[in-house]
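Structure, as structure tokens:
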Amino acid sequence: MTIQWFPGHMAKARRQVTEKLKLIDIVYELVDARIPSSSRNPMIDEIIQHKPRIILLNKSDMADSAKTKQWLDYYKAQGKTAIAINSQAGSGLHQITAGAKELLKEKFDRMKAKGIKPRAIRAMIVGIPNAGKSTLINRLAKKNIARTGNTPGVTKAQQWIKVGKELELLDTPGILWPKFEDQEVGMKLALTGAIKDTLLNLHDISLYGLRYLEKEYPDRLKERYNLEAIPEETVELFDAIGSFRGCLRGGGLIDYDKTAELIVREIRSEKFGPLTFESPDDETKQ
Ligand SMILES: Nc1nc2c(ncn2[C@@H]2O[C@H](COP(=O)(O)OP(=O)(O)OP(=O)(O)O)[C@@H](O)[C@H]2O)c(=O)[nH]1
């Protein structure tokens, strides 16, 4: 889905999430494990305020597992709850309810002490486009498709999905915008496929991807494009890749557009294996 984010749309998206916050106990903030920082909404803390939250590092199957571990440790050190999941295959999902129960234990114990009848935890998923919100909701819904539309005290229009006995999820996720004003964030969003029709130039994106691979995963880059050494000069690097992969135009010249497209496509489609484009160290430097 392509969403054009204009100030009016952002305000509306924010209003919708704020409205739904009243109905729920906890927020699941879904981010892309390959870019946990760049795939967050820049105003998320301000929007959800003190509502308990669990960060879900989704698509962890596509991310570098050593870096995912670093991110989990980083959140833990900050007292935040984070869980690595793969919504497509369904792994890590059992921790979703368990994590919420732990975070909300005091609140529910207090309710119990007051004699309030026990009820399921109510939650919603928020995240930027393409984070995997629908995939996760469908996965969770499959366990028990029953919906409870008429829960007392809850707006009738809201549909709840039962996830086991202990969790109820709003069926529509909160869609929030990414931090796309930042060029580097834009590059990472493009490389992970979060934004496809990008205002950024494909050459810049492919070059950013190549230089990141050179820095973090040089052997994978060399192996994929049969490079003995990684040329420092951009033109030489593109020439080497373009000629090895046959991205040519008339007269045997390198077709740089085709080469750039190939590189971005291969990064997005995991041809270099699982990749993570940012680490918590970059975060602390800011
Ligand atoms: N490999 C992998 N792919 C995933 C995972 N979760 C979602 N995807 C894929 O990511 C793409 C986006 O998923 P969606 O569920 O449509 O994302 P969304 O957040 O609902 O997107 P919007 O509707 O644009 O807001 C789809 O192609 C999914 O198949 C995951 O854990 N692993």
Side-chain angles (χ1 to χ4, degrees), residues 1-6 9-17 19-20 27-44 47-48 53-69 71-72 82-97 99 123-143 145 159-161 163 169-180 185-186 188-199 264-278:
M1 181 183 5
T2 309
I3 303 177
Q4 298 293 336
W5 291 103
F6 296 112
H9 296 133
M10 294 184 185
K12 188 171 170 210
R14 181 182 179 152
R15 221 169 26 245
Q16 283 172 346
V17 169
E19 269 303 302
K20 287 179 188 164
V27 172
Y28 290 114
E29 184 192 357
L30 197 62
V31 299
D32 186 323
R34 296 169 294 173
I35 47 170
S37 171
S38 298
S39 59
R40 297 187 78 191
N41 170 270
M43 298 176 78
I44 189 78
I47 295 172
I48 72 169
R53 170 189 1 180
I54 294 181
I55 300 165
L56 300 176
L57 297 170
N58 192 37
K59 307 193 187 184
S60 58
D61 54 306
M62 297 173 98
D64 179 332
S65 54
K67 289 202 174 149
T68 299
K69 166 102 182 37
W71 277 104
L72 292 173
I83 302 168
I85 61 167
N86 169 358
S87 298
Q88 215 167 46
S91 56
L93 303 191
H94 60 283
Q95 293 179 69
I96 286 185
T97 309
M124 78 182 288
I125 292 171
V126 303
I128 68 166
N130 211 51
K133 299 176 295 296
S134 311
T135 309
L136 176 60
I137 291 174
N138 289 335
R139 260 274 153 196
L140 292 171
K142 255 181 232 146
K143 284 188 179 170
I145 207 81
Q159 289 289 317
W160 295 90
I161 294 164
V163 183
L169 203 59
L170 277 181
D171 71 341
T172 43
I175 306 176
L176 292 170
W177 62 97
K179 302 177 214 175
F180 39 33
V185 169
K188 294 178 195 172
L189 290 169
L191 283 173
T192 51
I195 42 177
K196 294 206 173 70
D197 309 314
T198 166
L199 295 173
V264 172
R265 192 174 59 237
E266 296 203 334
I267 291 176
R268 278 186 189 162
S269 59
E270 289 182 276
K271 294 291 186 297
F272 294 90
L275 298 174
T276 296
F277 293 97
E278 53 200 14

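Counting convention: from 1, in listed order, for ligands and their atoms alike.
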Heavy-atom side-chain contact between Leu170 and Trp160 under 4.5 Å
yes
When you compare the side chain of Arg40 with that of Pro178, does any pair of heavy atoms fall below 4.5 Å?
no
When Leu189, Ile195, Ile175 are each screened for side-chain contact (heavy atoms from CB on, under 4.5 Å) with Ile128, the one that passes is Leu189
Arg139 (side chain) donor-acceptor with Gln88 (main chain) under 3.5 angstrom
yes
For Asn86, atoms of ligand 1 separated by under 4.0 Å from a heavy atom
30 (C), 31 (O), 32 (N)
Less than 4.0 Å is my threshold; does some heavy atom of Ala131 fall inside it relative to ligand 1?
yes
Applying a 4.0 Å heavy-atom criterion (strictly less than), which segment of Asp61 is in contact with ligand 1: side chain, backbone, both, or neither?
side chain
Quick one: does Pro129 get an N or O within less than 3.5 Å of an N or O on ligand 1?
no
Any side-chain heavy atom of Pro129 sitting closer than 4.5 Å to one from Trp177?
no
Please check whether Gly132 reaches ligand 1 - meaning an N/O of the residue sits under 3.5 Å from an N/O of the ligand, judged on distance alone.
yes
Numbered atoms of ligand 1 (with element) below 4.0 Å of Ser134, judged on heavy atoms:
15 (O), 18 (P), 20 (O)
Positive for side-chain hydrogen bond (donor to acceptor under 3.5 Å, both in side chains) with Ser87, one of Thr135, Asn138, Asn58:
Asn58
Quick test of your reading of the structure: of Thr135, Ile137, Asn130, whose heavy atom lies closest to atom 14 (P) of ligand 1?
Thr135
Does the side chain of Leu93 reach to within under 4.5 Å of the side chain of Ile96, using non-hydrogen atoms?
yes
Would Ser60 count as being in polar contact with ligand 1, using the rule that some N or O on each side must be under 3.5 angstrom apart?
no
At under 4.0 Å between heavy atoms, is it the side chain or the backbone of Met62 that contacts ligand 1, or both, or neither?
side chain
